[in-house]
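Heavy-atom basis, side chains included; hydrogens, waters and symmetry copies ignored. Read the numbers this way: they start at 1 and go in the same order the structure lists the ligands and their atoms.
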Amino acid sequence: MTAKALDSLHAAKRIVVKIGSALVAENGRARQEWLNSLAADITARRSAGQDVILVSSGAIALGRGQLGPDRPRKLEEKQAAAALGQPLLMAAISIAFAAQNAPVAQALLTLEDTENRRRWLNARATLDTLLGAGAVPVINENDSVATDEIRYGDNDRLAARVAQMVGADALILLSDVDGLYTADPRTDEEARHIAVVEELTAAHDDMAGDINHAANVGSGGMATKLAAARIAQAAGCMTVITLGTQLSPVAALLGGGRATWVLPSMSPEKAREVWLRGHLTPEGTVFVDAGAVTALRGGASLLPVGVTRIEGQFVRGAAVAIKDDTGNLVGKGVTAYGSEDAARIAGLQSDAVEAELGYRGRPALVHRNDLILDS
Ligand code: GLU
């Protein structure tokens, strides 16, 4: 079973790698040699044709020394420490990737960004563009504007949301433990390592609770990792929880290193379809011509040129029904234009859209990834 999971990781098209504060920083300084080895690992994946997005914690750990001798406790102190530490974090990561000739790009997100469809469309398009341009996107929570208490472990969940957003097929959580155990291995001799989880149950949460309790500060512990794995599993993405403290941790994993593999229940494409079916309540209708219907059925995105008229009022990011000229439902999708702009560009060729709107919008009104067809 593990061998099969390892094969799927080798075959993954898109991988999100999350690194925790304890791996990135030690005594308030970046672990540069380790970061260098990680950058080499990620570059090797990219050379093998895999897209990699890095989610990195460590801003607070690197910035807090500059704030004063005391550990930041209040929310605003943590936010200030993160603001001080984020450039230090990116500097260390940039040095590591410069040695690989790979450009890095910073994207600071909040969890809400991954939950709000309108922002989500933009964030995903930006990440896709960065990957297409050969850059390594490096994501952290936008701690200085986050409105909730900043907790260690938040980035586990953020990484899972990012994996879901970009349709990743693998999420690697590099941690200070090599996976999930039946009990805390540090205190219980009977504790057994769990190699593969097909279905996450409450029993797994109970196991993780112990380890979470015993985990050092700086690690979100196992509970947040399982929460992340649940999000990923529902998105058709495999999660791998493995030890990341040693040099070249991704290469070690791919070489057969010990890990807990949480398997997805379906492919990312199928999961997206299920999600779209369950979540899209149309707020308006986009009527399309016969050519567009054929194109959509052939797997294309819905372009403005195929739109005949718009009904209802909706904002960008809303769900819309797509109907043919006789009113038959063709499908549903997430619109990249609000109803007013959509009406203005209905029937226009792509190059006329910018002239009409005065800005360059998305090429597709509904991207094929955000679309389900009625069969
Ligand atoms: N965003 C926080 C930081 O960069 C870390 C959150 C986490 O550890 O999950 O320090």
Q: So, is N155 polar-close to ligand 1, with some N/O to N/O distance under 3.5 Å?
A: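 Yes: some nitrogen or oxygen of N155 is under 3.5 Å from one in ligand 1.
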
Q: Got a sec: does the CD of E340 have more than 12 other heavy atoms crowding it under 6.0 Å?
A: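 It does not: E340 CD has 12 such atoms or fewer within range.
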
Q: Report all side-chain donor-acceptor pairs from residues 48-62 shorter than 3.5 Å, counting only partners two or more places apart or in another chain.
A:
from: Q50; atom 1: OE1; to: R45; atom 2: NH1; distance (Å): 2.6
from: Q50; atom 1: NE2; to: L9; atom 2: O; distance (Å): 3.0
from: Q50; atom 1: NE2; to: H10; atom 2: O; distance (Å): 3.1
from: Q50; atom 1: NE2; to: A12; atom 2: O; distance (Å): 2.9
from: D51; atom 1: OD2; to: R14; atom 2: NE; distance (Å): 3.0
from: D51; atom 1: OD2; to: R14; atom 2: NH2; distance (Å): 3.2
from: S57; atom 1: OG; to: N155; atom 2: ND2; distance (Å): 2.8

Q: Check each atom of ligand 1 against the heavy atoms of N140 and keep those under 4.0 Å away; list them by number with element.
A: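 Listed by number with element: 1 (N), 3 (C), 4 (O).
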
Q: Between A82, S57, G85, A61, which one has a non-hydrogen atom sitting closest to atom 5 (C) of ligand 1?
A: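 Heavy atom nearest to atom 5 (C) of ligand 1 belongs to S57.
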
Q: So, the side chain of T308 versus the backbone of F287: is there a donor-acceptor pair under 3.5 Å, distance only?
A: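 Present.
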
Q: Go through ligand 1 atom by atom and flag the ones less than 4.0 Å from a non-hydrogen atom of D143.
A: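 Near D143, meaning under 4.0 Å from one of its heavy atoms, ligand 1 has 1 (N), 2 (C), 3 (C), 4 (O).
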
Q: May I ask you to check if ligand 1 and K18 share an N or O to N or O distance below 3.5 Å?
A: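 N/O-N/O distance below 3.5 Å does not exist for this pair.
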
Q: Kindly say whether T245 contributes a backbone atom to a donor-acceptor pair with the side chain of R31 at under 3.5 angstrom?
A: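 Indeed, once roles are kept as given, a pair shorter than 3.5 Å links the two residues.
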
Q: Taking side chain to side chain donor-acceptor pair (under 3.5 Å) as the definition, give me every residue that meets it alongside Q106, ordered by chain and number, with sequence neighbours left out.
A: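 Testing Q106 for side chain to side chain donor-acceptor pair (under 3.5 Å), a comparison that skips the adjacent residues, returns Q86.
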
